[in-house]
Amino acid sequence: MIKILITGSNGQVGAELIRIIRSSIDAEILCTDITQRTVEGDGISFEYLDVKSRELTEKIFEKFKPDQVYHLASILSASGEKDPYLAYSVNLTGTVNVLNACVKYNVDKVFVPSTIGVFGPDAPKENAPVRHSSIPTTMYGITKAAAEMLFQYYFDKYGLDVRSLRYPGLISYRVPPTAGTTDYAVDMIRHAAKNAPYICYLKEDTPLPMMYMQDAMEATIKYMHADSKNLTIRTAYNVMSYTLTPEMLYDSIKKFKPNFEVRYNPDFRQKIAESWPYSLDISDSKRDWGFSFRYDIDKTVEDMLANL
Ligand code: SER
């Protein structure tokens with residue numbers, strides 16, 4: 001049975017990842033986070049871990065001796081702008097601590113999500129490329145862009161099999177996301193499910209790349225199973241399903257909830273959204289590890305409303 005360590009396990013991705021790991025692999029899972037345990041089940045245990053602490057990180061690795069690591073602990077774009085130093089410490093110091101521990105304790109494979117936030121306003125808006133020299137404008141994007149270079153560095157220098165996907169906005173119903181810029185999509189559908197009107201913090205015509213969580217998790221597991229020899233990218237691969245604007249989402253929701261109402265009141269997140277691409281070039285992901293997705297906008301909305 002393989003041993004899998006997850007950091008940031010209580011976040012939006014963690015709850016979903018645990019489910020898909022358990023349905024696809026026979027694994028013993030150690031969940032870690034700075035907040036209290038929320039996941040129960042056979043073969044799943046929980047420990048407190050603040051990845052900012054190198055000492056604590058190594059202690060957990062030494063005790064559990066994981067074969068694989070999913071390092072999800074991260075501060076996202078909007079909360080990162082409120083506390084840039086915290087974003088720096090969690091996203092970079094924390095990531096270096098985890099990567100070092102992976103080398104020290106001979107971890108086979110480590111997954112660290114990256115983001116569309118690594119692109120800045122200078123990047124192409126359509127089909128943003130995998131290889132780029134764009135300059136991100138948020139602390140979140142800066143730390144993730146630097147982290148991508150660390151993935152390549154740890155692969156080249158230590159042979160550590162680090163894998164990363166640039167997640168777009170992820171739409172999911174289990175655990176609400178924590179202060180990203182793309183989260184309006186989840187919020188809007190949650191309001192619709194409660195038959196409550198929604199005030200959107202982005203302008204109606206703001207396009208961003210998005211994906212349903214189910215597709216993101218299936219892609220992640222498929223990518224983690226891919227033969228290392230086929231992976232030509234060692235920074236991070238692009239993934240996305242569709243470009244979404246708040247207005248497109250509203251139109252889709254209205255098909256299921258005809259009386260739903262939205263007002264627009266853009267805040268500081270508008271500028272962040274405008275610095276990101278509308279779509280990403282996913283051709284390397286399709287070629288190297290067979291990336292695909294199933295949910296379009298209407299299917300996403302339908303499934304979200306059915307589950308909320
Ligand atoms: N969902 C993230 C954010 O909005 C982007 O990767 O911060």
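This is a predicted model, so every value here is computed, not measured. Ligands are counted one by one from 1 in listed order, and the atoms in each one are counted from 1 as well.
A salt bridge does not link E302 with K255: none of the charged nitrogens is closer than 4.0 Å to a carboxylate oxygen. A salt bridge links D267 to R269: at least one charged side-chain nitrogen sits closer than 4.0 Å to a carboxylate oxygen.
For the side chain to side chain donor-acceptor pair (under 3.5 Å) condition, the pairs that include at least one residue of residues 190-200, sequence neighbours left out, are N195-K257.
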Less than 3.5 Å apart, N/O on ligand 1 and N/O on the protein: could you list those pairs with the distances?
residue: ligand 1; atom: 1 (N); partner: T182; partner atom: OG1; Å: 2.8
residue: ligand 1; atom: 4 (O); partner: S77; partner atom: OG; Å: 3.4
residue: ligand 1; atom: 4 (O); partner: T181; partner atom: N; Å: 2.6
residue: ligand 1; atom: 4 (O); partner: T182; partner atom: N; Å: 3.0
residue: ligand 1; atom: 4 (O); partner: T182; partner atom: OG1; Å: 3.3
residue: ligand 1; atom: 6 (O); partner: T115; partner atom: OG1; Å: 2.6
residue: ligand 1; atom: 6 (O); partner: Y140; partner atom: OH; Å: 3.2
residue: ligand 1; atom: 7 (O); partner: S77; partner atom: N; Å: 3.1
residue: ligand 1; atom: 7 (O); partner: S77; partner atom: OG; Å: 2.6

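The six-membered or imidazole ring of F291 lies away from that of Y237, with a centre-to-centre distance of 6.0 Å or more.
With contacts defined as side-chain heavy-atom distances shorter than 4.5 Å, the pair N10/V175 does not qualify.
A salt bridge (Lys or Arg N to Asp or Glu O under 4.0 Å) with D161 is found for one member of R234, K229, K109 and no other, namely R234.
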